[in-house]
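Notes follow the structure.
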Amino acid sequence: MENPSAPQAHAFSAADRAAVYQAIFNRRDVRGQFLPTPVPDDLLSRLLMAAHHAPSVGFMQPWNFLLVRSPEVKQRVHDVFAQANDEAARMFPDEKREIYSGLKLQGILEAPINLCITCDRSRSGPVVIGRTHIPTMDLYSSVCAVQNLWLAARAEGLGVGWVSIFHEKALQDALGIPHHIVPIAYLCIGYVSHFKDKPELEKAGWLPRLPVEELVFHEQWGAQNAAEAPLAAVLREMQADIQHKGVFPK
């Protein structure tokens with residue numbers, strides 16, 4: 001029921017709101033902590049349903065969900081990853097290559113479930129509401145499905161790892177995906193021994209977390225209005241609390 005006189009009428013309860021933020025801030029890209037424990041179908045169904053309820057341009061719902069459980073198919077995908085990963089290592093300068101080579105960037109064989117989320121760009125025909133002038137909106141819609149699933153998985157205590165080091169055609173061939181269907185995300189899913197307190201690449205010193213207040217502009221690109229200093233101060237304090245005290249917004 002509409003209630004314009006009560007701005008907070010549609011907000012979640014404090015506990016429910018805290019749970020949403022907990023899932024966001026404790027989500028991790030999991031690579032090496034997977035357990036062999038099977039994922040029950042009722043839980044997997046909830047994750048897939050969360051992904052299927054992502055926003056999509058023109059309500060075209062361009063995604064498909066390709067589940068991979070068999071060791072044989074996982075091995076084929078891992079072989080595709082291994083070739084691309086060797087190529088990727090040679091692209092970095094020496095000091096980065098050493099760090100890169102020590103990173104575990106996938107859990108394809110260890111995770112009980114692998115899932116490829118795809119985008120069928122032909123779904124709903126050539127003219128789609130909201131995609132008439134930015135044709136890549138369908139790809140972004142599929143990424144929203146990935147994020148929905150990822151947050152739902154974290155709330156369920158499951159780890160998810162996004163593997164992106166593939167030649168696209170080789171991955172399509174390994175999974176029998178038609179070449180007009182775009183693989184958006186190859187995800188490794190399962191219970192884990194633990195979640196890291198910070199993203200693995202941050203802990204490894206690959207890159208730091210950027211100061212959020214420096215990424216926020218006002219009215220025009222690059223403009224940081226002095227009048228918005230109070231907002232910048234709140235963002236700076238909030239990020240300091242997260243990074244140095246482990247205190248997250250609720």
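All residue numbers in this chain count up from 1 along the given sequence. Note that these values count all heavy atoms, side chains included, but never hydrogens, waters or copies made by symmetry.
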A side-chain contact here means heavy atoms from C-beta on lying under 4.5 Å apart; do [X] and [Y] qualify?
X	Y	answer
Pro211	Leu235	no
Tyr191	Phe34	no
Val212	Met238	no
Val160	Arg154	no
Arg31	Leu105	yes
Arg209	Lys198	no
Val143	Leu139	no
His52	Trp63	yes

Is the count of non-hydrogen atoms from other residues, nucleotides or ligands lying under 6.0 Å from [X] atom [atom1] greater than 12?
X	atom1	result
Glu87	CD	yes
Glu237	CD	no
Ile24	CD1	yes

>> Regarding Asp79 and Gln83, do their side chains bring together a donor and an acceptor under 3.5 Å, going by distance alone?
In response: no
> For His78, which of Ile108, Val163, Val73 qualifies under side chain to side chain contact (heavy atoms under 4.5 Å, CB included)?
Replying inline: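 Output: one option passes, namely Ile108.
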Looking at [X] and [Y], does any basic side-chain N land under 4.0 Å from a carboxylate oxygen?
X	Y	value
Asp173	Lys169	yes
Arg69	Asp41	yes
Asp94	Arg97	yes

Main-chain N/O of [Y] paired with [X] side-chain donor or acceptor, under 3.5 Å:
X	Y	value
Gln172	Ile177	no
Asn85	Phe81	no
Gln239	Leu210	yes
Arg28	Phe195	no
Lys203	Asp197	no

> Going by the side-chain hydrogen bond (donor to acceptor under 3.5 Å, both in side chains) test, which pairs reach into residues 120-136, not counting sequence neighbours?
Replying inline: Asn64-Arg123, Asp120-Ser122, Arg121-Asp138, Arg131-Asp138, Thr136-Tyr140
>> If you apply the rule side chain to side chain contact (heavy atoms under 4.5 Å, CB included), what do you find for Ile113 with Leu158, and how did you get there?
In response: CA-CA 11 Å; Ile113 294 174; Leu158 292 178; over 6 Å; no
What are the two closest heavy atoms between [X] and [Y], and how far apart are they?
X	Y	result
Ser141	Val57	OG-N, 2.9 Å
Leu67	Leu48	CD1-CD1, 4.4 Å
Lys104	Gln106	NZ-O, 3.1 Å
Pro112	Ile189	CD-O, 3.4 Å
Leu103	Ala204	CD2-CB, 3.9 Å
Tyr186	Val77	CZ-CG1, 3.6 Å

Classify the angle between the aromatic ring planes of [X] and [Y] as parallel (below 30°), tilted (30 to 60°) or perpendicular (above 60°).
X	Y	result
Trp162	Trp150	tilted
Phe25	Tyr21	parallel
Tyr100	Trp206	tilted

>> Holding to side chain to side chain contact (heavy atoms under 4.5 Å, CB included), I want the full list of residues that pass it with Ala232, two or more places apart in sequence or in another chain.
In response: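 Listed in chain order: Glu213, Arg236.
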> Going from CG on Leu201 to NZ on Lys196, what distance comes out if it is rounded to the nearest 0.5 angstrom?
Replying inline: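 Reported to 0.5 Å precision, the distance equals 11.0 Å.
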